[in-house]
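Below, chains carry the letters A, B, ... as their sequence lines are ordered, and counting in each starts from 1.
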2 protein chains.
Amino acid sequence: MDRKPDEATEAAWIGLSRAQRVATATIEARLKAAGLPPLSWYDALWELERAGEAGLRPFELERALLFEQYNLSRLADRLEKAGLVERRAVEADRRGQMLIITPAGRDLRRRMWAIYAPAIQEAVGDRLAAGEAATLAALLGKLA
Amino acid sequence: MDRKPDEATEAAWIGLSRAQRVATATIEARLKAAGLPPLSWYDALWELERAGEAGLRPFELERALLFEQYNLSRLADRLEKAGLVERRAVEADRRGQMLIITPAGRDLRRRMWAIYAPAIQEAVGDRLAAGEAATLAALLGKLA
DNA sequence: CGAAGGTTGATGCAGTTGCATGAAAATAGA
DNA sequence: TCTATTTTCATGCAACTGCATCAACCTTCG
C-alpha cells in the first residue's frame with residue numbers, strides 16, 4: 001500500500017488548509033468589524049433556527065457542527081447568557097435538555113447573515129469562475 | 001452587484017469548512033496518538049528546515065504560515081524551549097532575530113513526517129479518484 | 001430485578017489564542 | 001539633522017480550547 005501522498009494530494013491538503021484559513025479570516029474579520037459574534041455562533045443559531053420550535057439536543061447540535069462536547073456545552077452557556085437560546089428540560093430523558101432559539105437569537109442570526117453572505121461571496125464566489133464553485137463543492141464533499 | 005452567494009458558492013464554502021475540519025482532526029489525532037506535537041510545529045519546522053542555515057526572521061515565518069504575530073512569537077518560545085529552534089541575533093537589524101532549526105528540530109520534523117504523510121494520504125488521497133486531487137488543488141489555489 | 005456498561009452533559013485546570021499595548025529600532029520626510 | 005511614522009517583536013490579561021473526569025441517567029442483559 002502506498003502510504004505517502006503523491007504531489008497532487010499534498011498540494012490539495014496544503015491548499016485546503018490555506019484556503020480555509022484565508023477565507024475564514026476574511027469572513028470573521030467582516031463579522032468582527034460589524035460588531036457581531038463569531039461564525040460558531042452563527043452556525044449554532046442557524047441549526048437551531050432550522051430545527052424550529054422543537055429545538056435540538058446538545059448532542060445533536062454537537063454532531064451537526066462537528067464540535068467537541070465540552071465546546072458545545074460552553075457555547076450553549078454563552079448563547080443562553082446572551083439570551084439567544086433557551087435551555088429547556090426534556091421529559092423523556094432527564095439527563096438531557098433541548099436548546100431552542102429565541103426571537104433575539106433569530107434576529108441576531110439574520111443580522112449576521114447580512115454580513116456573512118457578502119463575505120462568502122467576497123471570499124469564495126468572487127474568486128471562482130462560473131461552474132467552478134460546484135466542482136469545488138463536489139470534491140470537498142468527498143473529503144467529509 | 002450581487003453580494004449574496006449563489007447555491008454552489010455557499011456549498012463550496014460549507015464544504016471547505018467541513019472538509020478542512022475533518023481532515024485536520026484526523027491528521028492531528030494521528031500525531032497525538034504517536035505522542036507528537038501539533039501540526040503548527042511541523043509547519044514551522046519545515047519552513048525553517050527549507051530555509052537552511054540562514055534561518056528565517058520571525059516576521060517571514062509569520063507570513064509564510066499565515067500566523068498572527070503574537071502566536072508566532074509564542075510558538076517560537078515553545079520551539080526554543082523544546083530545543084528545536086535557536087534564536088540568534090541579527091546584526092543588520094537590532095530589533096530582529098533569526099530562527100534557525102537545530103538538529104533536534106530536523107529530527108523531530110522527520111519523525112512527524114513519518115506519521116503526517118500517511119495521515120494526509122488517509123484523509124485526502126484515499127478519498128479522491130485519480131486526477132481529482134490536482135483539480136481540487138487548483139481550485140483551492142484560487143481562494144488563497 | 002440489579003449490576004455493568006453506555007450516553008448525556010458539566011466543569012476544574014492547564015495550555016493556547018485574541019486583543020491591546022508597549023518597547024526598541026529602523027525608516028521617511030521636513 | 002531630528003521628529004514622525006513604520007516595522008519588529010514581546011507580553012499582561014481575558015477568553016477560549018483541550019483534557020480528564022465526574023455525576024446523573026438510561027439501557028442491556030444475566
Side-chain angles (χ1 to χ4, degrees), chain A residues 17 20-21 24-44 47-48 55-82 85-100, chain B residues 17 20-21 24-44 47-48 55-82 85-100:
Chain A
S17 269
Q20 190 271 346
R21 252 188 282 215
T24 300
T26 302
I27 291 171
E28 292 277 19
R30 297 288 172 277
L31 289 171
K32 182 170 314 184
L36 292 168
L39 269 180
S40 57
W41 287 38
Y42 182 90
D43 293 339
E47 288 294 332
L48 291 174
L56 287 177
R57 296 286 297 267
F59 74 89
E60 297 176 305
L61 192 51
E62 173 192 331
R63 286 161 198 175
L65 301 179
L66 306 178
F67 266 46
E68 299 293 329
Q69 184 270 322
Y70 48 83
N71 280 335
L72 183 71
S73 177
R74 281 155 169 160
L75 176 58
D77 288 347
R78 287 173 230 140
L79 294 174
E80 186 186 29
K81 197 151 123 185
V85 155
E86 186 188 343
R87 267 175 162 132
R88 195 175 297 166
V90 47
E91 342 59 73
D93 185 341
R94 279 189 303 175
R95 294 167 304 185
Q97 58 191 248
M98 300 304 310
L99 298 177
I100 296 149
Chain B
S17 268
Q20 190 271 347
R21 252 188 282 216
T24 300
T26 302
I27 292 170
E28 292 278 18
R30 296 290 172 278
L31 288 171
K32 181 170 317 186
L36 292 168
L39 269 181
S40 56
W41 287 39
Y42 183 89
D43 292 339
E47 288 293 332
L48 291 174
L56 288 176
R57 296 285 297 268
F59 74 90
E60 297 175 304
L61 192 51
E62 173 192 329
R63 287 163 198 174
L65 301 180
L66 306 178
F67 265 47
E68 298 294 328
Q69 184 271 322
Y70 47 83
N71 280 335
L72 183 70
S73 176
R74 281 154 169 161
L75 176 58
D77 287 347
R78 286 173 230 140
L79 294 175
E80 185 185 31
K81 197 151 123 184
V85 155
E86 187 189 341
R87 268 176 161 132
R88 194 176 297 166
V90 48
E91 342 60 72
D93 184 341
R94 280 190 302 176
R95 294 167 303 186
Q97 60 192 245
M98 300 304 311
L99 298 176
I100 296 150

Out of D/dC26, D/dG18, C/dT17, minimum distance to the side chain of A/Arg94 belongs to D/dC26
Note: B/Val90 and B/Gly96 closest approach over all heavy atoms is CG1-C, 3.3 Å
On a heavy-atom basis, the closest approach of A/Leu65 and A/Asp43 is CD2-CB, 3.7 Å
Separation of D/dC16 atom C1' from A/Arg78 atom CZ, nearest Å, is 6 Å
d(A/Glu47 CD, A/Glu62 CD) to nearest 0.5 Å is 13.0 Å
Between CD of A/Glu68 and P of C/dG9 the distance, given in whole Å, is 15 Å
Between protein and nucleic acid, restricted to nucleotides 8-11 of chain D and to nitrogen or oxygen atoms under 3.5 Å apart, what atom pairs and distances do you find?
{"residue": "D/dT8", "atom": "OP2", "partner": "B/Arg63", "partner atom": "NH2", "Å": "3.0"}
{"residue": "D/dT8", "atom": "O3'", "partner": "B/Arg57", "partner atom": "NH2", "Å": "3.3"}
{"residue": "D/dC9", "atom": "OP1", "partner": "B/Arg57", "partner atom": "NE", "Å": "3.1"}
{"residue": "D/dC9", "atom": "OP1", "partner": "B/Gln97", "partner atom": "N", "Å": "3.4"}
{"residue": "D/dC9", "atom": "OP2", "partner": "B/Phe59", "partner atom": "N", "Å": "2.8"}
{"residue": "D/dC9", "atom": "O3'", "partner": "B/Gln97", "partner atom": "NE2", "Å": "3.1"}
{"residue": "D/dA10", "atom": "OP1", "partner": "B/Arg87", "partner atom": "NH2", "Å": "3.2"}
{"residue": "D/dA10", "atom": "OP1", "partner": "B/Gln97", "partner atom": "NE2", "Å": "3.3"}
{"residue": "D/dA10", "atom": "OP2", "partner": "B/Ser73", "partner atom": "OG", "Å": "2.7"}
{"residue": "D/dA10", "atom": "OP2", "partner": "B/Arg87", "partner atom": "NH2", "Å": "3.3"}
{"residue": "D/dA10", "atom": "N7", "partner": "B/Gln69", "partner atom": "OE1", "Å": "3.4"}
{"residue": "D/dA10", "atom": "N7", "partner": "B/Gln69", "partner atom": "NE2", "Å": "2.8"}
{"residue": "D/dA10", "atom": "N6", "partner": "B/Gln69", "partner atom": "OE1", "Å": "2.9"}

Atom CG of B/Leu65 and atom P of C/dT17 are separated, to the nearest Å, by 13 Å
Rounded to whole Å, CH2 of A/Trp41 lies from P of D/dA15 at a distance of 12 Å
The reported gap from NZ in A/Lys81 to CZ in A/Arg74 (rounded to nearest 0.5 angstrom) is 12.5 Å
note: B/Glu28, atom CD; D/dT17, atom P; distance rounded to Å ~ 15 Å
When rounded to whole Å, the CG to P distance for the pair B/Leu39 and D/dG18 reads 13 Å
Correct closest heavy-atom pair for A/Ile100 and A/Gly55 would be CG1-CA, 3.9 Å
Between A/Arg88 and A/Glu86, the two heavy atoms sitting closest are NH2-OE1, 3.2 Å
Whichever of A/Glu91 and A/Ser40 has the more 5' nearest nucleotide on DNA chain D, that residue is A/Ser40
Quick one about B/Thr24 and B/Glu28 (side-chain donor to acceptor, distance below 3.5 Å, no hydrogens or angles considered), yes or no? no
Rounded to whole Å, the CG-P distance (B/Leu66 to C/dG18) equals 13 Å
In whole angstroms, the gap separating C1' of D/dG18 from CZ of A/Phe67 amounts to 14 Å
query = Hey, is the side chain of B/Asn71 poking within less than 4.0 Å of OP1 or OP2 on C/dT16, counting only N and O atoms?
reply = no
